[in-house]
Amino acid sequence: MLVSMKAMLNAAYQAHYAVGQFNINNLEWVTTVLMTAKEMRSPAILGVSGGTIKHMLGFKTIYQVVKEGMEYLEIDVPIALHLDHGQSYESCIAAIQAGFSSVRFDGSHLPFDENLAITKRVTDYAHKRGVSVEAELGTIAGSEDGIVNSQVIYADPQQCLTLVKETSVDCLAAALGSTHGLYKGKAKLGFDEMAHIAQLIKIPLVLHGGTGISNEDMCHAIKLGTAKINVNTENMYAWCLEVKRLFAQQGDKAISDPRKVINQGLKPVAEKIKERMTLFGSANRY
Ligand code: 13P
């Protein structure tokens with residue numbers, strides 16, 4: 001079932017678990033996330049970043065791959081197809097028109113009033129079509145698909161409340177110390193601020209930059225009201241390490257089928273996604 005994030009995140013929020021957003025990179029990655037979700041009886045969110053939009057030939061192609069793939073694979077757990085880091089009103093609308101069931105408008109780099117105004121326009125358009133919207137405040141440091149931020153800026157609680165009230169977004173990514181990519185040191189999440197914001201806004205919080213956050217911190221964030229956790233870099237690294245291992249073990253000449261290489265790399269990725277679904281508490285919910 002391709003669905004918006006609304007019902008799946010509200011269910012998670014109420015029962016104190018989180019749904020993983022696993023970014024996709026190619027056809028085989030889509031298959032891996034879908035089949036793992038089905039096996040684990042877990043909802044899942046397929047995240048699509050700017051780099052993947054180009055790599056997988058645009059919103060319409062991605063939507064068709066996911067929609068037809070779900071039918072072919074007989075996927076019977078809730079799946080959301082979500083635009084990650086929508087950089088403009090236009091890109092969010094294009095994703096919705098192509099069939100995406102969820103979008104994130106990332107206006108965190110804009111002045112607050114502008115972020116709020118565009119988030120509201122996106123939400124008005126999306127909600128009329130049954131599509132969910134994630135908004136963002138504060139700055140998540142690190143780098144992701146060419147978007148680079150050098151500093152962490154915590155989301156302001158009052159701005160979070162105003163944004164949620166005036167736009168009716170479905171969930172909020174409030175930056176509170178997490179970083180995209182691999183951490184240089186241990187992530188320091190602002191749990192006091194998270195508790196404060198969660199208590200003010202009373203809608204699901206989103207934790208970006210899942211790679212490098214300890215299991216303990218993830219569980220703590222879920223207890224405080226985080227119902228969506230994004231994970232990407234650890235899966236990309238797992239794929240690359242496995243393919244390097246394969247070539248080192250078998251030698252270049254023994255390998256002649258690219259499909260087998262791609263799928264071998266995805267085996268540890270599937271294991272990592274299973275671990276995440278178990279940790280987040282989303283397994284065996286459907
Ligand atoms: P990581 O790449 O750090 O896991 O973050 C993923 C993410 O937040 C996608 O939006």
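Indexing begins at 1, ligand by ligand and atom by atom, following the structure's order.
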What do you reckon, does Asn230 have a nitrogen or oxygen under 3.5 Å from a nitrogen or oxygen of ligand 1?
yes
Counting from 1, what ligand 1 atoms have a heavy atom of Thr179 closer than 4.0 Å?
3 (O)
Would Gly47 count as a contact of ligand 1 if the rule is a heavy atom under 4.0 Å away?
no
Can Arg276 be said to sit on top of Phe22's aromatic six-ring, NZ or CZ under 6.0 Å from centre and within 45° of the ring axis?
no
Would you find a donor on one side and an acceptor on the other, under 3.5 Å apart, between the side chain of Ser101 and the backbone of Leu81?
yes
Judging by distance only, is a nitrogen or oxygen of Val231 under 3.5 angstrom from one on ligand 1?
no
Within the 4.0 Å heavy-atom shell around Asp84, which atoms of ligand 1 are there?
9 (C), 10 (O)
Exam field: side chain Thr211 to backbone Glu234, donor-acceptor pair closer than 3.5 Å
yes
Distance filter under 4.0 Å to Thr211 heavy atoms, resulting ligand 1 atoms:
1 (P), 2 (O), 3 (O), 4 (O)
Should the pair Arg41-Asp76 be classified as a salt bridge under the 4.0 Å nitrogen-to-oxygen rule?
yes
Please verify whether a non-hydrogen atom of Asn235 lies at under 4.0 Å from ligand 1.
no
Taking heavy atoms and a distance under 4.0 Å, where does Asn232 meet ligand 1: side chain, backbone, both or neither?
both
Establish, from distance only, whether the side-chain atoms of Lys67 and Gln64 form a donor-acceptor pair under 3.5 Å.
no
Asn25 versus Met236, closest heavy-atom pair with distance:
OD1-CE, 3.4 Å
Check ligand 1 against His208 and write out every atom of the ligand that is under 4.0 Å from a heavy-atom position of the residue.
8 (O), 10 (O)
Ligand-side contact atoms (ligand 1) for residue partner Thr233, heavy atom cut-off under 4.0 Å
1 (P), 2 (O), 3 (O), 4 (O)
Verify, without hydrogens or angle tests, whether Lys38 (side chain) and Glu74 (backbone) share a donor-acceptor contact under 3.5 angstrom.
yes
